[in-house]
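A short worksheet on the structure shown next.
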Amino acid sequence: MIRPYVRTQGRIRAHDDVRLESVVIAATGPTDTLAPDARRVMRLFAGADGGLAVADIAAALELPPSTVRILVSALMDSGHLASPAPAAEDQPDFDLLQEVLRGLRSMV
């Protein structure tokens, strides 16, 4: 059994924005200098057509989710993984969308 702090190379915390439901995507770059567990994470993206949730990575690697959160944080810091851009801030107001929906329904 390998202790979690060995797997994370001494890191003890993940970034606050890396949660189990967070989706990450692989960026390009060499992975031959990464630690073994980090290379295992990156190999999961070889067959993926999109992003993977941190929880899915933990399940596939059979590692504790807290450990995988730290590994993903480290890979994000090194530029190997990225989080898709959040929705734009200039989204229409919810009330406006409700009003448009009511108008469309009244036309039918």
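Residue numbers start at 1 and run along the sequence shown.
- When side chains are defined from C-beta on, Leu61 counts as touching Ile57, because their heavy atoms get closer than 4.5 Å.
- Nearest approach of Pro65 to Ala58, heavy atoms of both residues: CA-CB, 4.0 Å.
- Counting heavy atoms from C-beta on, the side chains of Leu75 and Val24 never come closer than 4.5 Å.
- Residues Asp37 and Val41 form no side-chain contact, since every pair of their non-hydrogen atoms from C-beta on lies 4.5 Å or further apart.
- Residue Arg19 places its CZ atom among 12 or fewer non-hydrogen atoms of other residues, nucleotides or ligands, all under 6.0 Å distant.
- More than 12 heavy atoms of other residues, nucleotides or ligands lie within 6.0 Å of CZ in Arg102, so this atom counts as buried by the packing criterion.
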Fill in: Candidate pair Val72 and Val68, rule side chain to side chain contact (heavy atoms under 4.5 Å, CB included), full reasoning
CA-CA 6 Å; Val72 167; Val68 173; 4.1 Å; yes
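- Hydrophobic clustering (side-chain heavy atoms under 4.5 Å, transitive across Ile, Leu, Val, Met, Phe, Trp, Tyr) keeps Leu52 apart from Val23.
- Two different hydrophobic clusters hold Ile25 and Met76 under the rule that ILVMFWY side chains link at heavy-atom gaps under 4.5 Å.
- Glu21 places none of its side-chain heavy atoms less than 4.5 Å from the side chain of Val54.
- Atom OG1 of Thr67 is separated from atom CG of Leu71 by 7.0 Å, given to the nearest 0.5 angstrom.
- One distance of note links OG of Ser22 with CG of Leu81; it measures 11.5 Å at 0.5 Å rounding.
- Two residues are said to be in side-chain contact when any heavy atoms from C-beta on lie closer than 4.5 Å; Arg39 and Met42 fail this criterion.
- The cluster map of Ile, Leu, Val, Met, Phe, Trp and Tyr, joined by side-chain heavy atoms under 4.5 Å apart, puts Leu20 and Val18 in the same cluster.
- Of the possible donor and acceptor atoms, one in the side chain of Ser73 sits under 3.5 Å from a partner among the backbone N and O of Arg69.
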